[in-house]
Amino acid sequence: QEFFANTRLKVQRVTSIGESLLNLTHNVGFWKKEVVKNIVHFGPASVHVLFVQQGTLLLCRDIPLRYGDVDQDQLYERLITEIKRSTLFFRQNFPQGEINEVLLSGESDMIGNLVSRAGDDLGIETNALRFDDNLDRSAFRGDWDEFRFHIPTLSAAFGAAWHKTPDAG
């Protein structure tokens, strides 16, 4: 508290990566009734695996991971194994939950490679978490295409800060 008092910054919300991603997906609003999304977020030192249904976090698992310690193929195999383990645990504890999609986000250069390969290995449709169409760009200054390239890296930050504005009507 003393640190923030000296910086004149006001803490609005303290949150976790899981809660931030839950808030982001809730505000983007792409839920189908009774469907579970598996969100895999690549943080700087770990992978966060979330299972979310209609804006409710059902399960969250953090997997410590050092990206630089292994080659890309070993890393890919470990990730697929950990996602499968998480999915198996989820299905054992939530047998009624139907997972229809894996959404990838975060700080990894592997996301594009994972999207193209993981769907077959996991047996579930796999996509990158996309929400840039939901962003209001009216006040944005700069090269949007360059900024948009970095949006997956910022997904947890967007989720922590995003608040829906009430409709004017």
Side-chain angles (χ1 to χ4, degrees), residues 13-135 148-164:
R13 181 188 327 190
V14 176
T15 187
S16 67
I17 288 177
E19 290 172 312
S20 295
L21 292 168
L22 180 63
N23 187 51
L24 173 68
T25 56
H26 177 73
N27 283 313
V28 170
F30 53 73
W31 299 109
K32 293 179 183 172
K33 194 170 186 158
E34 305 301 321
V35 170
V36 175
K37 302 280 186 189
N38 176 205
I39 301 170
V40 180
H41 178 78
F42 296 87
S46 60
V47 174
H48 309 275
V49 181
L50 292 80
F51 294 88
V52 181
Q53 183 177 33
Q54 291 180 281
T56 302
L57 182 62
L58 301 175
L59 177 70
C60 181
R61 180 173 177 232
D62 295 338
I63 304 164
L65 192 64
R66 291 192 177 115
Y67 301 106
D69 290 351
V70 295
D71 70 33
Q72 293 290 316
D73 287 333
Q74 289 175 322
L75 184 59
Y76 175 81
E77 292 302 322
R78 176 155 183 235
L79 287 170
I80 292 299
T81 299
E82 293 295 345
I83 294 169
K84 284 180 178 179
R85 286 181 64 213
S86 299
T87 302
L88 177 62
F89 183 80
F90 173 79
R91 287 184 172 146
Q92 289 172 343
N93 288 282
F94 297 91
Q96 74 284 3
E98 176 192 337
I99 304 168
N100 80 328
E101 185 177 25
V102 176
L103 296 169
L104 305 173
S105 74
E107 302 183 24
S108 177
D109 293 335
M110 290 186 60
I111 289 177
N113 185 27
L114 279 170
V115 168
S116 62
R117 292 176 59 188
D120 290 336
D121 290 339
L122 296 172
I124 302 171
E125 181 182 348
T126 304
N127 295 297
L129 177 60
R130 290 270 187 250
F131 58 91
D132 47 309
D133 290 342
N134 297 78
L135 297 176
R148 193 166 83 184
F149 176 77
H150 297 285
I151 286 178
T153 303
L154 301 170
S155 55
F158 272 108
W162 196 323
H163 299 283
K164 278 192 173 180

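Side chains included, hydrogens not; waters and symmetry mates left out as well; all remaining heavy atoms used. Keep in mind the model is a prediction, meaning the values are calculated, not measured. Residue numbers run from 1 in the order of the sequence given.
Counted by atom type alone, N100 and E98 present zero donor-acceptor pairs between their side chains at under 3.5 Å.
Summarising the geometry, atom CD1 belonging to I99 is positioned 10.5 Å from atom CD belonging to Q53; distances are rounded to the nearest 0.5 Å. Atom-to-atom distance recorded for L114:CG and F42:CZ is 4.5 Å, nearest 0.5 angstrom. To the nearest 0.5 Å, atom CD of residue E125 and atom CG of residue N38 are 12.5 Å apart. With values rounded to the nearest 0.5 angstrom, L50 atom CG is found 9.5 Å from H41 atom NE2. For the atom pair L79 CG and E77 CD, the distance stands at 9.5 Å (nearest 0.5 Å). Separating the NE2 atom in H48 from the CD1 atom in I63 is a distance of 9.5 Å, to the nearest 0.5 Å.
With a 6.0 Å radius and a threshold of 12 heavy atoms from other residues, nucleotides or ligands, R117 has its CZ atom above the threshold.
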Just do the side-chain contact (heavy atoms from CB on, under 4.5 Å) check on L122 and T87 with the steps written out, would you?
CA-CA 9 Å; L122 296 172; T87 302; 5.7 Å; no

Show your working on side-chain contact (heavy atoms from CB on, under 4.5 Å) between F90 and V36 and close with a plain yes or no.
CA-CA 10 Å; F90 173 79; V36 175; 3.8 Å; yes

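The heavy-atom pair separating A118 from I80 by the smallest distance is CB-CD1, 3.8 Å. Closest heavy-atom contact between K37 and L103: CD-CD1, 4.2 Å. For the pair N93 and P95, the tightest heavy-atom approach, listed with the atom from each and the gap, is C-CD, 3.5 Å. When all heavy atoms of P64 and S46 are compared, the pair lying nearest together is CA-CB, 3.9 Å. Taking every heavy atom of both residues into account, V115 and T126 meet most closely at CG1-O, 3.7 Å. Closest approach of N127 to E101, counting heavy atoms only: ND2-OE2, 2.6 Å.
Judged as a ring pair (Phe, Tyr, Trp, His ring centres under 6.0 Å), and not counting sequence neighbours, F89 has no contacts.
Applying the salt bridge (Lys or Arg N to Asp or Glu O under 4.0 Å) test to pairs two or more places apart or on separate chains, none has a residue in residues 44-58.
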